[in-house]
There are 2 protein chains.
Amino acid sequence: MDETLLQSGSAGNLVYQQLKQQIVSLELPPGTALSEKETSLTFHVSRTPVRESFVRLAQEGLLLVLPQRGTRVSLIDPDMVEEARFMREQLEKAVVRLACESFPADKLQEMENNLVMQQESMKQLDGKRMFELDEAFHRILFEGVRKMGTWNVIQQMNAHLNRTRVLWLSLDPHWGNLFEQHREMIQAIRSRNADLAERIMKEHLTLSISNLPVLKQRYPEYFK
Amino acid sequence: MDETLLQSGSAGNLVYQQLKQQIVSLELPPGTALSEKETSLTFHVSRTPVRESFVRLAQEGLLLVLPQRGTRVSLIDPDMVEEARFMREQLEKAVVRLACESFPADKLQEMENNLVMQQESMKQLDGKRMFELDEAFHRILFEGVRKMGTWNVIQQMNAHLNRTRVLWLSLDPHWGNLFEQHREMIQAIRSRNADLAERIMKEHLTLSISNLPVLKQRYPEYFK
DNA sequence: ACTTCCATACTACCATACAAGTATGGCAGA
DNA sequence: TCTGCCATACTTGTATGGTAGTATGGAAGT
């Protein structure tokens, strides 16, 4: 434990990261009851750092703290998910337009490399890897236009969005035309076709949302 | 104290809100050194709720916690401010476009009422009141298109943006053509002219940023 | 059988003590 | 005078005991 502790700086931070990972990956499904005491035992730390992580996760909307009653992993709020998608669409459309104006060559190369790895992951049907690569792909885009603050904001909202993506992956581990869209996006940036790039991005980020009603019917206990 | 405590639910939450208000209003200027102990004394609570608020404020980027060294009110990061403005522009342009598609009549009336109050505040040169009304105006817009989650995200980013607005207000308590733009925006929504509305909004949210270099030169110790 | 009440076992919240890292000022020695 | 060391007084991080509010199950009364 000491090793991972040093990595994340403090026990509180470690617990925070671990819990967040477990929540987003649905290892801790929505609605799961937690408690400071219980969690402190499983992580072999005192209640203080646990409480600290609870506060942070509650602020991100991943935990719901009911004073003197208990703490639960928050249910997925469909409206919240749609809004997260909405925000991400607006911001990424604007970012990809910026990329069409100017984009550093090395970052473009990184995206190409990422694309190759995506292809490999698809062949191997490695969903988890594909997930990470997709995220990295978009991250590079933000790095290229130097809007990392924006990316970080998106990441926070994505905690909710990602839970539905994980859920969907469990039903249909199919990555559709994400890869193809990524490829087209690079092309659009290269040819500085902002309108095209924006259109592709919009489609790209509209895909996931159509699944939401299906998921809500399949896992009603996970939704608000 | 008990009164305000009940209002905000818990001591930790109270300290959080008070500190946040003091930071955004520059009552606690950027760079100010704080400590859990010191703050706990001024608020007459223990270190625990203070620490809780520190964690939350640090996550929002308003505090900078250096382990075993101290805690300071974060300096204003010009890049961060510009990104906050960028995000707000993108999101609010999209929202006002939605408003042009459909907008409830009662919310439109609320905006009209708000506009009247703005006019009064301008006559009385009440900057603080004008500030609040401007914020309320935009809030109503988000309420009308039911994108409150988006509004809340913007509010968090605005903590940084608002510090520069407060600073600017101290140099030049002039509200320029904000009022006129608000008026035109209502007109655009009423006539369902999305392109016009978007253009006005863009101008509206571009104004403030031009002042940033001036502010940085005038108050260099407040900036990164 | 049904309702009411209460003991009990939870919960988050808060205060406090201790641990460990860091800045600082003064003192000793060259 | 200048340099290096060290005691000391900070800082945040962690652990723990106690408090008040809440859910729950069983016993007593109707």
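To find a chain, count down the sequence lines: A is the first, B the second, and so on, and within it residues start at 1. Quantities reported herein were computed from a predicted structural model and do not represent experimental measurements.
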Q.
Please check if the number of heavy atoms outside A:E221 that lie under 6.0 Å from its CD is greater than 12.
A. yes
Q) Just to confirm, is there a sub-4.0 Å distance from OP1 or OP2 of D:dA15 to any side-chain nitrogen or oxygen of A:S46? A) yes
Q: Starting from the 5' end of DNA chain D, give me the residue, A:P49 or B:E36, whose nearest nucleotide shows up first.
A: B:E36
**Q.** Contact under 4.0 Å: A:S10 side-chain N or O vs D:dT12 OP1/OP2
**A.** no
Q: Might you point out which heavy atoms bring A:F179 and A:L115 nearest each other, and give the distance in Å?
A: CE1-O, 3.5 Å
(Q) Side chain of B:R69 only, heavy atoms from C-beta on: which candidate in C:dA23, D:dG17, D:dT14 is closest? (A) C:dA23
(Q) When you measure from the side-chain N and O atoms of A:R47 to the phosphate of D:dA15, is any distance below 4.0 Å, counting only OP1 and OP2? (A) no
Q: Identify whether the distance between the nearest side-chain nitrogen and carboxylate oxygen of A:R56 and A:E60 falls below 4.0 Å.
A: no
Q) How many Å lie between CD on B:E52 and P on D:dT12, as a whole number? A) 16 Å
Q | Listed nucleotide nearest any side-chain atom of B:P67, set D:dA15, D:dG13, C:dA12 | A | D:dG13
Q: Look at the side-chain N and O atoms of B:S35 and state whether any lies under 4.0 Å from the OP1 or OP2 oxygen of D:dT11.
A: yes
Q | Cationic N near anionic O, under 4.0 Å, A:E52 to B:R51 | A | yes
Q | Proximal nucleotide (of D:dT12, C:dC14, C:dA12) relative to the B:Q68 side chain | A | D:dT12
